[in-house]
K.L.:
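Once you've had a glance at the structure underneath, I'll fire off some questions.
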Amino acid sequence: MMNELTKLTVAEIRKGVAEGTFTAREVAEGFNANVAAAQDALNAFIVATPDKALEAADKVDADRAAGKPLGKMAGVPIGMKDLFATKGVQTTAASHILEGFIPEYESTVSQKLWDAGAGMLGKLNLDQFAMGSSNETSYFGNVISPWRRKNGGNAAMAPGGSSGGSSAAISARLCPAATGTDTGGSIRQPAAFTGITGIKPTYGRCSRWGIVAFASSLDQAGPMAQDTRDCAIMLEAMAGFDPKDSTSLDLPVPEWEAGLDPDLRGKKVGIPREYRMDGMDADVAKSWDDGIAWLRDAGAEIVDIALPHTKYALPAYYIIAPAEASSNLARYDGVRYGLRDLPEGAGLQDMYAATRAAGFGDEVKRRILIGTYVLSAGFYDAYYTQAQKIRTLIAQDFAKAFEQVDVILAPTAPTAAFGLGENLDDPLAMYLNDVFAVPASLAGLPAMSVPAGLNREGLPLGLQVIGNRFDEQAVLNAGLALEHRAGFTAEPEKWW
């Protein structure tokens with residue numbers, strides 16, 4: 001029975017626990033066993049916390065026995081991306097510079113999930129400081145996707161990034177759901193690569209307090225899970241106003257789960273012509289065409305739209321995000337917490353340099369250098385100011401589009417998953433993974449990835465639904481319509 005429990009969705013686990021079909025402890029024990037069995041092969045977790053999962057489960061079982069009301073996530077053990085501060089549990093952002101850092105506080109999002117009855121299976125691996133598209137920049141080693149190419153030998157595949165530990169763990173059934181963060185596609189792209197669902201809500205919908213910062217005007221937490229309903233359930237638990245975060249939206253949290261409806265009659269779906277790129281992957285193009293047909297079948301009217309500044313989104317993003325990273329990561333200096341490298345006889349400047357040289361990985365250093373350059377005197381106006389102007393134009397493009405349509409449909413990523421090491425020496429090829437995801441991030445819009453099928457190599461492909469600000473419901477409903485018609489049930493063939 002225990003292995004069967006780990007195949008259940010969040011909704012099924014919550015229902016079974018509430019009805020007494022099985023206990024929350026049985027669920028936690030099943031997932032703890034899966035985490036332990038897969039750790040060496042997949043490296044999805046930096047730290048496993050089986051006791052935390054059991055402790056939360058026992059509390060839910062006790063509350064149920066006492067007739068107390070149960071929370072939205074009662075009895076559901078989850079993975080926590082190691083970007084969220086967790087009180088008493090190491091939080092590293094997958095960087096050597098924070099190795100051994102144990103917070104004295106809990107992030108707002110993780111606290112909301114614990115309050116809703118969820119338990120923690122462990123801290124999930126990621127790209128260092130969330131900088132990467134393949135989970136190859138972690139100080140704690142690569143996460144390996146549970147998927148393999150059909151007829152492609154045993155080449156290890158990238159699980160996407162930066163939330164690669166989250167996507168791999170859900171796809172391999174090490175956890176039913178996990179938190180992710182999305183700065184320029186870091187929930188959606190890994191979800192697409194591993195055949196799961198993930199949503200980045202409107203910027204400000206989930207508090208950023210207690211999340212290790214990468215680019216503060218872009219970072220947004222969101223749920224990753226097996227399907228749309230699970231994402232709706234988890235997002236309800238995660239979202240909400242937080243006075244500790246000045247960018248938090250002071251809005252009530254809608255009942256997204258109750259509002260789920262795959263009937264799109266009367267709705268309009270925009271198809272951005274700029275996303276049809278020269279040399280587009282044939283399997284990705286076909287999945288997009290399939291998605292258009294599925295939404296039409298759900299009753300939606302398909303409308304061609306223009307997002308003319310799309311081609312500038314990626315260059316603007318790779319100016320703005322590194323600039324903010326350069327500012328945010330200045331706090332890691334070896335003085336207050338984290339790694340300190342103090343060569344003998346060294347002064348303060350030497351300590352800063354030695355600590356950051358030893359503590360940051362190559363990709364983090366690359367982005368800090370780019371960011372510092374574009375913020376420097378003489379270049380601020382030429383690069384950073386121009387990028388912010390482009391960002392405004394991109395947001396205006398979307399605003400005009402949403403005067404005509406309710407949601408926008410596009411591919412999530414330009415290709416299916418690639419092999420680990422295949423793009424590692426080519427930063428530009430790696431950055432192009434975000435080409436379809438970045439525009440929604442720059443505009444602060446809700447967007448989700450839903451699995452759409454497999455390519456000719458047997459690897460998952462995702463479709464992206466982008467919605468207007470605050471309209472997660474429309475995104476979730478279109479995602480549900482796609483999910484029903486795609487009928488995606490493929491699972492990675494177990495080798496780990």
Side-chain angles (χ1 to χ4, degrees), residues 35 38-39 42-49 78-86 89-99 101 103 107 109-110 120-146 156-172 174-175 177-194 196 198 200 206 208 210-215 218-224 321 325 328-329 332 338 359-364 367 417 420 424 430 433-434 437 441 449:
V35 169
Q39 184 53 24
L42 301 181
N43 196 34
F45 286 83
I46 293 174
V47 175
T49 56
I78 61 169
M80 184 63 59
K81 185 176 181 179
D82 198 24
L83 212 59
F84 293 80
T86 42
V89 179
Q90 176 180 269
T91 300
T92 68
S95 180
H96 182 37
I97 210 161
L98 277 175
E99 188 176 13
F101 172 60
S107 79
V109 162
S110 55
M120 182 166 69
L121 292 160
K123 302 298 291 290
L124 288 157
N125 206 344
L126 64 146
D127 279 299
Q128 191 170 155
F129 283 103
M131 299 181 191
S133 302
S134 62
N135 225 135
E136 290 175 278
T137 70
S138 170
Y139 175 72
F140 300 96
N142 301 342
V143 175
I144 313 295
S145 172
M157 305 303 294
S162 64
S163 308
S166 302
S167 65
I170 296 164
S171 184
L174 311 187
C175 56
T179 56
T181 60
D182 193 307
T183 305
S186 287
I187 285 174
R188 291 162 284 159
Q189 184 250 21
F193 273 19
T194 57
I196 65 166
K200 178 194 86 70
C206 294
R208 291 186 300 109
I211 301 174
V212 178
F214 162 17
L218 294 157
D219 298 344
Q220 190 56 200
M224 301 171 73
N328 276 323
L329 271 59
Y332 304 106
F360 290 140
D362 289 346
E363 182 60 31
V364 174
R367 297 199 195 192
L420 290 172
L424 200 54
M430 198 70 88
N433 275 284
D434 299 329
S441 292
S449 180

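Below, each value reflects all heavy atoms present in this structure, side chains not excepted, and no hydrogens, waters or symmetry copies.
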K.L.:
Considering non-hydrogen atoms only, spot the tightest contact between Leu124 and Ala178 and give its length.
P.N.:
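Taking Leu124 first and Ala178 second, the nearest heavy atoms are CD1-CB, 3.6 Å.
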
K.L.:
So how far is it from Glu363 CD to Gln128 CD, rounded to the nearest 0.5 Å?
P.N.:
9.5 Å

K.L.:
Could you give the distance from CE (Met131) to CG (Asp362), rounded to the nearest 0.5 Å?
P.N.:
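Rounded to the nearest 0.5 Å, the CE-CG separation comes to 13.0 Å.
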
K.L.:
Please check this pair: side chain of Ser134 against backbone of Gly132, looking for a donor-acceptor N/O pair closer than 3.5 Å.
P.N.:
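Such a contact is absent between Ser134 side chain and Gly132 backbone.
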
K.L.:
OG1/Thr91 to CD1/Ile46 distance, rounded to the nearest 0.5 angstrom?
P.N.:
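Atom-to-atom, Thr91:OG1 and Ile46:CD1 are 9.5 Å apart.
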
K.L.:
Backbone N or O of Ala325 within a donor-acceptor pair of the Arg367 side chain at under 3.5 Å?
P.N.:
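Pair absent, no side-chain N/O of Arg367 close to backbone of Ala325.
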
K.L.:
Looking at SG of Cys175 and CE of Met120, how far apart are the two atoms once the value is rounded to the nearest 0.5 Å?
P.N.:
12.5 Å

K.L.:
How long is the span from the CZ atom in Phe193 to the CE atom in Met157, to the nearest 0.5 Å?
P.N.:
8.0 Å

K.L.:
State, without any angle test, whether Lys81 and Ser163 hold a side-chain donor-acceptor pair at a distance under 3.5 Å.
P.N.:
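There is such a pair (donor and acceptor under 3.5 Å, judged by atom type) between the side chains of Lys81 and Ser163.
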
K.L.:
Locate the shortest heavy-atom distance separating Ser145 from Thr194; write the atom from each residue and the value.
P.N.:
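Minimum heavy-atom separation between Ser145 and Thr194: OG-CG2, 4.1 Å.
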
K.L.:
Under the 3.5 angstrom rule, does the side chain of Ser110 hit a backbone N or O of Ser107 as a donor-acceptor pair?
P.N.:
yes

K.L.:
For a quick test of reading the model, state the closest non-hydrogen atom pair linking Phe129 to Phe360 and the distance between them.
P.N.:
CE1-CE2, 3.6 Å

K.L.:
Can the ring centres of Phe101 and Tyr332 be said to be less than 6.0 Å apart?
P.N.:
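No - the distance between ring centres of Phe101 and Tyr332 does not fall below the 6.0 Å cut-off.
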
K.L.:
For the pair Ser167 (side chain) and Pro159 (backbone), establish whether a donor and an acceptor sit closer than 3.5 Å, ignoring hydrogens and angles.
P.N.:
yes

K.L.:
Going by atom types only, do Thr137 and Asp127 share a side-chain donor-acceptor pair under 3.5 Å?
P.N.:
yes

K.L.:
Kindly say whether Thr183 contributes a backbone atom to a donor-acceptor pair with the side chain of Ser441 at under 3.5 angstrom?
P.N.:
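Judged by distance alone, yes, a pair lies under 3.5 Å.
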
K.L.:
Please assess Phe45 against Leu174 for the test side-chain contact (heavy atoms from CB on, under 4.5 Å), listing each intermediate value before the final yes or no.
P.N.:
CA-CA 10 Å; Phe45 286 83; Leu174 311 187; 4.2 Å; yes

K.L.:
Would you name the heavy atoms of Ala158 and Leu420 that are closest together and state the gap between them?
P.N.:
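Result for this residue pair: CA-CD2, 3.7 Å.
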
K.L.:
To the nearest 0.5 angstrom, please state how far the OG atom of Ser186 sits from the CZ atom of Phe214.
P.N.:
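The distance works out to 7.5 Å.
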
K.L.:
Would you find a donor on one side and an acceptor on the other, under 3.5 Å apart, between the side chain of Asn125 and the backbone of Asn135?
P.N.:
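Pair absent, no side-chain N/O of Asn125 close to backbone of Asn135.
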
K.L.:
Kindly determine whether Ser449 and Gln189 satisfy side-chain contact (heavy atoms from CB on, under 4.5 Å), including the steps that lead there.
P.N.:
CA-CA 8 Å; Ser449 180; Gln189 184 250 21; over 6 Å; no

K.L.:
Could you pull out the closest heavy-atom pair between Gly180 and Met224, with the gap in Å?
P.N.:
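Looking at all heavy atoms of both residues, the shortest contact is CA-SD, 3.9 Å.
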
K.L.:
Is Asp219 reaching over with its side chain to a backbone N or O of Asp182, donor-acceptor style, under 3.5 angstrom?
P.N.:
no

K.L.:
Taking side chain as C-beta onward, heavy atoms only, is Val89 less than 4.5 Å from Met80?
P.N.:
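Answer no - side chains too far apart.
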
K.L.:
Would you confirm whether Asn43, through its side chain, and Asn142, through its main-chain N or O, come within 3.5 Å as a donor-acceptor pair?
P.N.:
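Yes; judged by distance alone, with no hydrogens or angles, the pair exists.
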
K.L.:
Applying side-chain hydrogen bond (donor to acceptor under 3.5 Å, both in side chains) between Lys123 and each of Thr49, Asp82, Thr92, report the one that passes.
P.N.:
Asp82

K.L.:
On a heavy-atom basis, which atom in Gly359 and which in Ser95 lie closest, and how many Å separate them?
P.N.:
O-OG, 3.1 Å

